Protein chains: 2
Amino acid sequence: MATPTLRTLARELGLSRTTVSDALRGSPRVKPETVERVRAAAKAAGYDRNPLAGAVMSFLRRSCGQKFRGVLGVLEIVSAEQSLNAQRYNDAVFEGVSAKAEQLGFKVDRFQIGATGLKLSRLDSILQTRGINGLIVLPAAGFPDLSGLSWTRYTAVYVDYFVDSPPMHCVCSDHYRSMIGLLRELHARGFRRPGLFIETSLDERLHFRWEGAFLALQHYVPEISKVPILRPARVTPEVFQEWFEKYQPDVVLGHFPDAVAWMKRCGAKIPRTHSFVCLNSLRTQGECAALDFQAPQLGARATELVTGHLMHSEFGIPSQPSLTTLPARLLEGPTLRASGGKAPRPARRTMPAAAV
Amino acid sequence: MATPTLRTLARELGLSRTTVSDALRGSPRVKPETVERVRAAAKAAGYDRNPLAGAVMSFLRRSCGQKFRGVLGVLEIVSAEQSLNAQRYNDAVFEGVSAKAEQLGFKVDRFQIGATGLKLSRLDSILQTRGINGLIVLPAAGFPDLSGLSWTRYTAVYVDYFVDSPPMHCVCSDHYRSMIGLLRELHARGFRRPGLFIETSLDERLHFRWEGAFLALQHYVPEISKVPILRPARVTPEVFQEWFEKYQPDVVLGHFPDAVAWMKRCGAKIPRTHSFVCLNSLRTQGECAALDFQAPQLGARATELVTGHLMHSEFGIPSQPSLTTLPARLLEGPTLRASGGKAPRPARRTMPAAAV
DNA sequence: GCTTAAAATTCGGACCGTCCGAGCTTTTTC
DNA sequence: GAAAAAGCTCGGACGGTCCGAATTTTAAGC
């Protein structure tokens, strides 16, 4: 069965393709009775007007095709509690979005919404006025609620784990797989007592993927000592040092680079006797080894998804929201001992998926 | 001065507009010397290619009409050890692939490769002869090695977790998230002693996501007893019953529906005193509650990915392989007690992403 | 060196949806 | 009743792409 087009609809209705196009675009040139006939026939034939294609054609027709760009909206949910780290991450994601959007012929408009930004009703109005149908939502603290937007006219991707209000396709780093790969890599380098410390708030919205991967691998990687996870609501030097001295991990994993000083205070010689890997490279400035979530690549991938949906006229809330993940990369650093006797490795590489 | 277009450039160069377009898009059809001439003339004339206009035109051009768009190859790696369950799963994925491919104007050819199927060199030859560039690889036991194919001419998606030989984009169910959702749902229904039994081989290729999610949630869902996971290499009734009687889980999660009989042998009244949820609905015929991985939807999503890559002419091994996941759905069954005092729920629904 | 076949290179029909001037029909005005 | 105005619909052309076809060039065989 052929894909319906304006021309096939026109033949079916005994009208010209111009009349059909005008009718579907709401042109006042067309008699209301004709408009209704056309809309009914389009619906019956499964024809959906593609606003992106229409916009491109319009500009081409006006001889402005060379300069025409689609527009993507990047929504940033801001609040008073937003940390500097979160801001850096969002900026890195935005960088990737911008670069990929330009590559694909789109411009990007960035909107701040929420407590200190635009209200959703106002945003709706602006997006409609500017003809923006594709949205990329930057990660927010907690669980954002955007259900106040007119979702039938948008397609969106959330650049983090799950969002339910409304459900969206998501793109983010694969924390679970990154932890698995990191642990295997550390094991290959001879570490046998890895220890994880984590503030529970940093893992909760990931459904505890850091911890889940860590606990699971403790059972399956041979000869690893089961160092208990330190998981306070808030990490302090005292709490950390008590844990460190009691369990003596040979490599520490965690979000806070300050841990390096805390380890030294306990007599650790880094990286000779103990190592440290930060779980988020955006919390470091190269002073320690870290996992790089490749935020720009996440932004780029989200952009590809959104523009793909625009091309296919896939608007509204998806019936089957999917999650697309990319692995993090290990950034070597002065706090991580290279393997005993092995050749130096390149500075950046994707986590191995399987040890064998 | 008029805006330069492909057509004006073509007239200036004494070439057709197709040659100019092909040259600027980097098509290998055009002689390199011609490409250089076109690029120089475009630059001199101030012609900038608009990637969005090109993409929209390309999309419209490829989406139209009644003619068939091509053939997708579905590769099934067969071996002597392939189980009936794996076969059912692959058939379900294939069903989804076929339906979506038909919807998108593609035909599907299924190939069996490996120990009892075609050799890779033979497959290469057949695919080339039939003009097949898009491949969907059905899940295999262990870690398949397909690096013997001529990957520069193919785009492929693997319908399972990670494959490295070569790296591919992957589509599969989200086992971790599904376990999280299941545990939260069970907790909401009043269960306080969930127990998991699993043969390690069934979790290993998932990087122990079943176990990782289970262990992580034991720490964070309130009032749950930490029933140790039963994780033998091979589950027997004796091993199971010893574990069951020792730890008394009030709901058992696992892959084997036979566990229901084993639980009854221990005096459990199902679902009154104890419940059971199978972790893979393809291992049941409705006789127990189970997680449905929605294999046909996974097949459909893989098909969308592959045809999208074909559309963009993205061939070869991806530089950033991604993983796309869909959540499993809980299928209610006679082995799962409904919540105390709550209204009956619909038979099928996606796992809640966050409990709050 | 000529002929034939294969490969390389280029071309052109047709597609998509839009704009806007033009054509046809209907209504209004004088 | 004729002319003008308004309402409604039409079609040429735009720009870039796909892909089968046509043309040109190169290679192989005698």
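Letters A, B, ... mirror the listed sequences (proteins, then strands); counts begin at 1. Atoms considered below: every heavy atom in the structure, side chains included; atoms not considered: hydrogens, waters and symmetry mates. These figures come from a predicted structure and were not determined experimentally.
A straight line from CZ of A/Arg7 to C1' of D/dG11 spans 11 Å, rounded to a whole angstrom. Remark: C1' of C/dC16 and CE of A/Met311 are 13 Å apart, rounded to the nearest angstrom. One atom, CG of A/Leu15, and another, P of D/dC8, lie 13 Å apart when rounded to the nearest Å. The nearest whole Å value for the distance from the CG atom in A/Asp22 to the C1' atom in C/dC20 is 10 Å. If you take CG of A/Leu60 and C1' of D/dA13, they are 12 Å apart, rounded to a whole angstrom. The distance between atom CG of A/Leu13 and atom P of D/dT9, rounded to the nearest whole Å, is 11 Å. Distance B/Leu6 CG to C/dG12 P: 15 Å, rounded to the nearest Å. Counting to the nearest Å, the C1' atom of C/dC16 and the CG atom of B/Asn50 are 16 Å from each other.
Taking the six-membered ring for Trp, B/His309 and B/Phe315 have ring centres at least 6.0 Å apart.
The backbone N or O of B/Pro167 lies less than 3.5 Å from no partner atom in the side chain of B/Asp164, so there is not a single donor-acceptor pair.
Dashed line: the shortest gap from a side-chain N or O of B/Arg61 to OP1 or OP2 of C/dC16 is not under 4.0 Å. When the side-chain nitrogen and oxygen atoms of B/Ser16 are compared with OP1 and OP2 of C/dC11, one or more of them lie within a distance under 4.0 Å. Under 4.0 angstrom from either OP1 or OP2 of D/dC18 there lies at least one side-chain N or O belonging to B/Arg25. Between A/Tyr47 and C/dG17 there is a side-chain N or O to OP1 or OP2 distance below 4.0 Å.
Residue contacts for A/Phe68: at a heavy-atom cut-off of 4.0 Å it reaches no nucleic acid atom on any strand shown. When heavy atoms are screened at a 4.0 angstrom cut-off, A/Arg49 is found touching the sugar-phosphate backbone but no base atom. Residue B/Thr5 is in sugar-phosphate contact alone, with no base atom involved, counting any heavy-atom pair closer than 4.0 Å across all strands shown. Within 4.0 Å (heavy atoms only), B/Arg29 reaches at least one base atom of the nucleic acid. Counting non-hydrogen atoms under 4.0 angstrom, A/Ser58 reaches the backbone sugars and phosphates but no base. Counting any heavy atom pair closer than 4.0 Å across all strands shown, B/Leu24 reaches no nucleic acid atom.
Residue-environment remark: CD (A/Glu102) stays at or below the threshold of 12 foreign heavy atoms within 6.0 Å. The 12-atom threshold is not exceeded at CZ of B/Arg122, counting heavy atoms of other residues, nucleotides or ligands nearer than 6.0 Å.
Nucleotides of DNA chain D nearest to A/Arg17 and A/Pro28 differ in position, and the one nearer the 5' end is that of A/Pro28. For the pair B/Pro32 and A/Gly54, nearest-nucleotide mapping onto DNA chain C gives the more 5' position to B/Pro32.
The nucleotide whose nearest atom lies closest to any side-chain atom of B/Thr18 is, among C/dT9, D/dC10, D/dC18, D/dC18. With distances taken from any side-chain atom of A/Thr19 to the nucleotides D/dC10, D/dG15, D/dC19, the minimum falls on D/dC10.
Ion pairing between B/Arg17 and B/Asp22 fails under the 4.0 Å rule for side-chain N and carboxylate O.
When each of A/Asp109, A/Val108, A/Val74 is paired with A/Ile132, the side-chain contact (heavy atoms from CB on, under 4.5 Å) condition holds for A/Asp109 and for no other.
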